[in-house]
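One structure is given here, and the rest of the page talks about it.
Lettering of chains follows the sequences in order, A, B, ..., and the numbering in each one begins at 1.
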There are 2 protein chains.
Amino acid sequence: MAFPGHCVTLSRPGESPPDGSDSTVNTLPLPSPLRTAALVVMVFATLVARAADPLPSWNDTGPKRALTAFVEKVTREGSPDFLPPSERIAVFDNDGTLWCEQPMYPQVMFAVDRLRTLAPKHPEWRRRQPFKKLMDAGPDRLVSVTDQELIEIIKVTHTGMTTDEFADIVRAWIATAKHPRTGRLYTEMVYQPMLELLAYLRGHGFKTFIVSAGGVEFMRVWADQVYGVPTDQVVGTTFKTSYELRGTTPVIVRQPKVDFVDDGPGKPIGINKFIGKRPVLAFGNADGDFQMLQWTTTGPGPRLGLLVHHTDGVREYDYDAQSAVGRLDKALVAASGYGWTVVSMKDDWAKIFPKGP
Amino acid sequence: MAFPGHCVTLSRPGESPPDGSDSTVNTLPLPSPLRTAALVVMVFATLVARAADPLPSWNDTGPKRALTAFVEKVTREGSPDFLPPSERIAVFDNDGTLWCEQPMYPQVMFAVDRLRTLAPKHPEWRRRQPFKKLMDAGPDRLVSVTDQELIEIIKVTHTGMTTDEFADIVRAWIATAKHPRTGRLYTEMVYQPMLELLAYLRGHGFKTFIVSAGGVEFMRVWADQVYGVPTDQVVGTTFKTSYELRGTTPVIVRQPKVDFVDDGPGKPIGINKFIGKRPVLAFGNADGDFQMLQWTTTGPGPRLGLLVHHTDGVREYDYDAQSAVGRLDKALVAASGYGWTVVSMKDDWAKIFPKGP
């Protein structure tokens, strides 16, 4: 997630989600006992294949082979590249790497929904930009906002309340808000191959961290449930807070002042500040992840950087250098020089969404 | 650790460490076979007692009972106070809570040692305070410095280098620097009862964090080895850093600008920022821990706050409200009102240091 000049769309759920049902088992033209035996063998073979393949949604192409070879060599006792568990640090960007960021970062959608909820209590917004143009445009129109205007929107929607109140607001939104194209919950717009990868890495002793330009306290509400990443392993952009007493009750209040921007060069800084170790695996999808991959992959010893390239306009979205949301340009050009693995979503992922194609 | 007006002492190892050898097994006045049987029984009983008591360095007094009762009630399935592992967050102050902070915070001793190392390259320090008075005083004299002067000392000794270079400097110091009174390594001046408590809590599914006013990158170098706390579970005071390229090699450079002060009200803020969950257990020893204990113990559900009171002038140090280092005044007065458990080191700890009494 980055904050370039954005078009904020206020569109509503439209398209039906593509059919996400599993393919059915073929019936076999065999006599009954043989058929039973064949089915048993088939089921057994399927179970074995599943047990043997922790990454079933990854096609057997370069990226999957690079990932499994890397994990094997750093976790096998006696391997020259063996890393003790304390060194097995993997960092993941969120928007566009773990979940869908198109047509607009979900956190921006949250902010716009929140603006609409708050608007009746703020008649002054009818006369003040960028609020006026958003109010005027209605729910299905694209509205262009500048960086500064987006920050203004984020401030009025993300600060001024206690941390507990903000968590409740996010919790209520994420439980019901739908992706405008698929009509699915945003938490269903996560990438199945990456869920498998997170679990695969943790199963091999890796500690998995999110390192995102998104707001820490926006992600923490649902990251454990959705990704299995606990709150203290979520690194992101933060606002200043203050510790206050309301009567005798202490609260932490979110202040309208950005504390730390976890994007671009901010990502290695955030990694150092919150994690305190140089990762050996980094996963991103945009130019905002360039320095994170650079920092991760230029250290000594075994390292792997991976870029998710959004090449599937049918099952997801097709975008890179020309996109205002999740622009991938400089990092893609640099990938081969740094030896980064590039995942083509179209070619390398057999399945994209848990409940979709 | 706090930064009130300090006396920085430059004294050297003096006293010999007290004898740290274990007590010997008494011989029994019994005929040989019976003696053997009795010894077997004794050894067995000792093993059982050890297995049954994860906190052998805690006397069987109020604090130990409060701790074990708390852990039992929040970890027993079916208990009305049961907490899932994700909620089992325990936070520990470092200086004076996990290791000895007298006669001066070890990080300040590090800074002063570092000043002395750097002095030959800084002839201008001979004419500039606070450096001049430290240089003039020599290694065994107390020198009074103001808050501002201490910050100046910390800046010139803790910033300007890369994060890797700083880690190497700390690593070299901590491996050899000795406590001025006992002549032991600082990492041997940790509290045995707290090491047992950390392990006991982790054994019951707690995630243990350090939340200290000390520098994050000073502690991270040795916290895993000494306390079993990984780098990403160390919260503390931070300096700003920058991400830079030296040729084609990226580095993170420590800047002479304080980023975040993790002390007093900064502790709950740091907890929220780095951990993202309200702890259920908090351990401190000074007024700088007041808000951390307040924040931890005023939330809903089962909670426990504990203050270590330095009451043992023979085995350690005896200090509280009058001490410039680790002052305990306001928090001790407030303890009973908040229901905090107060540990008297003299009465409640059977043993203080791993290699000492």
Please look at [X] and chain B and tell me whether the side chain, the backbone, both or neither of the residue comes under 4.5 angstrom of a heavy atom of that chain.
X	result
A/V251	backbone
A/S242	backbone
A/F209	side chain
A/P268	both
A/I271	neither
A/T241	both

Query raised in the report: Would you say B/E217 and A/K273 make side-chain contact, with heavy atoms under 4.5 Å?
Result: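 No; the side chains remain at least 4.5 Å from each other.
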Report task. State, with a plain yes or no, whether a side-chain heavy atom of B/K267 is found less than 4.5 Å away from one of A/Y243. Result ->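 No, their side chains stay 4.5 Å or more apart.
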Pairwise distance [atom1]([X]) to [atom2]([Y]) - rounded to 0.5 angstrom:
X	Y	atom1	atom2	value
A/T238	B/I269	OG1	CD1	11.5 Å
B/T163	A/R278	OG1	CZ	8.0 Å
A/D224	B/K277	CG	NZ	5.5 Å

Query - Engaged part of B/P230 at the chain A interface, taking heavy atoms whose separation is under 4.5 Å - result: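 The answer is the side chain of B/P230.
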Query raised in the report: Does any heavy atom of chain A fall under 4.5 Å from the side chain of B/E244, the backbone, both, or neither of them?
Result: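 Answer is neither: B/E244 stays 4.5 Å or more from chain A.
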Query raised in the report: Among residues 329-337 of chain A, which residues come closer than 4.5 Å to chain B, judged by heavy atom distances?
Result: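 Answer by number: none.
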